[in-house]
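Numbers restart at 1 for each chain; the letters A, B, ... are given by sequence-line order, proteins then strands.
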2 protein chains.
Amino acid sequence: MSTVLSKSQQAYSTVHDRILTGEYAPGERLVLGRIGQELGCSVVPVREAIRRLEAEGMVTFERNVGARVAVIDEQAYLETMETLSIIEGAAVSLAAPFVSIADLASAREVNDRMRALLEDFDPVEFTNLNERFHRALSGRCPNSHLNDLVDRGWTRLDRLRRSTFTYVPERAAASIQEHDRILQLIGEGADPRTIELAVREHRLATPKAYLHRTDDPGDPEVLASAPGASPATSSRSHRPTTQGAS
Amino acid sequence: MSTVLSKSQQAYSTVHDRILTGEYAPGERLVLGRIGQELGCSVVPVREAIRRLEAEGMVTFERNVGARVAVIDEQAYLETMETLSIIEGAAVSLAAPFVSIADLASAREVNDRMRALLEDFDPVEFTNLNERFHRALSGRCPNSHLNDLVDRGWTRLDRLRRSTFTYVPERAAASIQEHDRILQLIGEGADPRTIELAVREHRLATPKAYLHRTDDPGDPEVLASAPGASPATSSRSHRPTTQGAS
DNA sequence: ATGTCGGGGATCGTATACGATCAACGGAGC
DNA sequence: GCTCCGTTGATCGTATACGATCCCCGACAT
């Protein structure tokens, strides 16, 4: 009795997927009428779908001009990673008390599969497992709103992250070790703040490596100043640093 | 020259506002046709507006049944506050290096107006100033995505927060002092993490007070376990063994 | 050569129309 | 008296139609 999806829903998920797969490239124009034809429906459902995608930030819309796939430039990528590091760190630390032994075992198994994948490296599969690993942990967070934000962060990232490990393959091995550490911290009931910072640093490590590899001249400070990520940032906080809490 | 807003936009902001003001109560049914009549337009623009509101979580939608104003229960309120505490804490700490002397002065002035408001207390005005104070700081955060999330958090909260200080008036005085401390930390270029925690605790203090006032027996752990919020929580974080959590 | 104006085509914005679906109600059968 | 089922009204979902707006491009004047 699975009710046929409404055309509006169809349009939504189709366009959504096509954006994720890259079939609709960033910046590409999304003409309502054309999409309607391709989907075999009129423009009305397509319009609704586009509206939702707009609200989710996947497409931009201009009055009387039309929609286009949102452009994700490097800046946006870095911001998304930084934001996700913050949100996910908090989510995992909140989730920690609710992570069962079974959950830990399951996550560990995923991590082992990643380890096995190191030889004969497959960036895409590796990335998929990576996402599974992380969702397994943050998913236990009792704050559903926070969870939702983690979800959105990953989705937002999916458009680029697909190839993250292609660009920075040397991160793979370190990543797995950091996963081990996170699991250990959770397992031994470490201080929430410690867990939070561990996850945060872990997530920030990849974009940092990415920046170092592409070009050092730029301005990697965007991430350098992430709170608590690197204790010794020495970022140009022109103000005298008074020592804070431990 | 201001181009007339599209009816879709009109519909969006009208419904949005009506939800915020409470004219449309939580759980209330939103009949497309009726709204269209009230706004003097057909249902199509209304549908689009509802879709966007749906994507933002302000309304829920059920196929072939219709839309209704999303219900915000106490749980959702607490989760939103907790989430905002995390996001805003990070945003302010990232913003700190970019907060100018003028910004600080401006924020201090807002805080002074709040102080003046303590006698002859006006919860609504107080709350407005409070939001202004906070946005002035987090607004300097260079991570626009994070900023956007702060914005959404406040908006989401606006539906309930309107009356927060009505419920917990004794928080007002403490709140102002905490503002002072935050300004001081930023002014002296304190460690980002210190700033982050200060903002986090500040935001969490109100819902905590709220919980204590309404009923202490309950289970205020939702917030007690916020990472780093209260160093001495000693939350009995016993891990659920094998068996699923919750 | 450059800048301005205007026509034409593509696309958007919205109203209207109509079939589809759901929920509520009331009567027939047990 | 209770359950089941068909009818009915309200509302949703979508197609179609048509006016409104914008962008592109070529002609004309400077």
Side-chain angles (χ1 to χ4, degrees), chain A residues 1-19 22-73, chain B residues 1-19 22-71:
Chain A
M1 288 301 286
S2 60
T3 309
V4 180
L5 289 172
S6 79
K7 306 221 170 170
S8 165
Q9 304 254 348
Q10 267 179 261
Y12 172 80
S13 49
T14 302
V15 175
H16 180 94
D17 290 349
R18 288 190 181 174
I19 291 178
E23 187 172 343
Y24 290 154
E28 180 171 340
R29 191 110 186 264
L30 297 175
V31 181
L32 303 184
R34 180 171 55 77
I35 296 176
Q37 282 187 327
E38 289 173 16
L39 299 182
C41 71
S42 78
V43 302
V44 181
V46 179
R47 287 182 65 90
E48 288 180 26
I50 296 290
R51 287 300 192 194
R52 286 176 53 191
L53 291 167
E54 182 196 6
E56 290 169 14
M58 293 190 71
V59 314
T60 59
F61 200 91
E62 200 177 344
R63 170 103 194 258
N64 279 323
V65 172
R68 49 185 62 230
V69 179
V71 176
I72 304 196
D73 52 8
Chain B
M1 205 21 230
S2 62
T3 309
V4 179
L5 288 172
S6 79
K7 306 222 169 170
S8 165
Q9 304 255 348
Q10 268 180 260
Y12 172 79
S13 49
T14 301
V15 175
H16 181 92
D17 290 350
R18 289 191 180 173
I19 291 178
E23 188 172 343
Y24 291 155
E28 180 172 341
R29 186 108 188 269
L30 295 176
V31 180
L32 303 184
R34 181 172 55 78
I35 296 176
Q37 282 187 327
E38 289 173 16
L39 299 182
C41 71
S42 78
V43 302
V44 180
V46 179
R47 286 182 67 90
E48 287 179 26
I50 296 291
R51 285 300 192 194
R52 285 176 55 190
L53 291 166
E54 181 196 6
E56 289 168 14
M58 294 191 72
V59 314
T60 58
F61 200 90
E62 200 177 346
R63 170 103 194 258
N64 279 323
V65 173
R68 47 185 64 229
V69 179
V71 176

Inset, instruction - For A/L5 and C/dT21, give me the distance from atom CG to atom P, rounded to whole Å. - result: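 These atoms are roughly 13 Å apart.
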
For nucleotides 9-13 of chain C, which of its nitrogen or oxygen atoms have a protein nitrogen or oxygen under 3.5 Å away, and what is each distance?
unit_1, atom_1, unit_2, atom_2, d
C/dT11, O3', A/R29, NH2, 3.4
C/dC12, O3', A/N64, N, 3.4
C/dG13, OP1, A/N64, N, 3.4
C/dG13, OP2, A/R47, NH1, 2.5
C/dG13, OP2, A/R47, NH2, 2.8

How close do [X] and [Y] get, counting heavy atoms only, and between which atoms?
{"X": "A/A55", "Y": "B/A55", "answer": "CB-CB, 3.5 Å"}
{"X": "A/M58", "Y": "A/I19", "answer": "CE-CG2, 3.6 Å"}
{"X": "B/V71", "Y": "B/P26", "answer": "CA-CB, 4.2 Å"}
{"X": "B/L5", "Y": "A/R63", "answer": "C-NH1, 3.8 Å"}

Legend entry - Results of side-chain contact (heavy atoms from CB on, under 4.5 Å) for B/T14 - residues two or more places apart only: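 Partners of B/T14 under the side-chain contact (heavy atoms from CB on, under 4.5 Å) test: B/R18, B/L39.
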
Inset, instruction - Only counting residues at least two apart or in another chain, list the ones meeting side-chain contact (heavy atoms from CB on, under 4.5 Å) with A/S42. - result: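 By the side-chain contact (heavy atoms from CB on, under 4.5 Å) rule, A/S42 matches A/V44, A/P45.
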
Legend entry - Qualifying salt bridge (charged side-chain N to carboxylate O under 4.0 Å, His left out) pairs with a residue from residues 24-36 of chain A, counting only residues at least two apart or across chains: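 Only A/R34-A/E38 qualify under salt bridge (charged side-chain N to carboxylate O under 4.0 Å, His left out).
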
Inset, instruction - Among residues two or more places apart or on two chains, list those pairs meeting side-chain hydrogen bond (donor to acceptor under 3.5 Å, both in side chains) that have a residue in residues 52-61 of chain A. - result: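 As it turns out, the side-chain hydrogen bond (donor to acceptor under 3.5 Å, both in side chains) pairs with a partner in residues 52-61 of chain A, which skip direct neighbours, are A/Y12-A/E56, A/R51-A/E54.
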
Inset, instruction - Scan residues 9-17 of chain A against DNA chain D and write down, sorted by residue number, each residue with any heavy atom closer than 4.0 Å; if none is found, say none. - result: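 Per residue number, the list is empty: none.
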
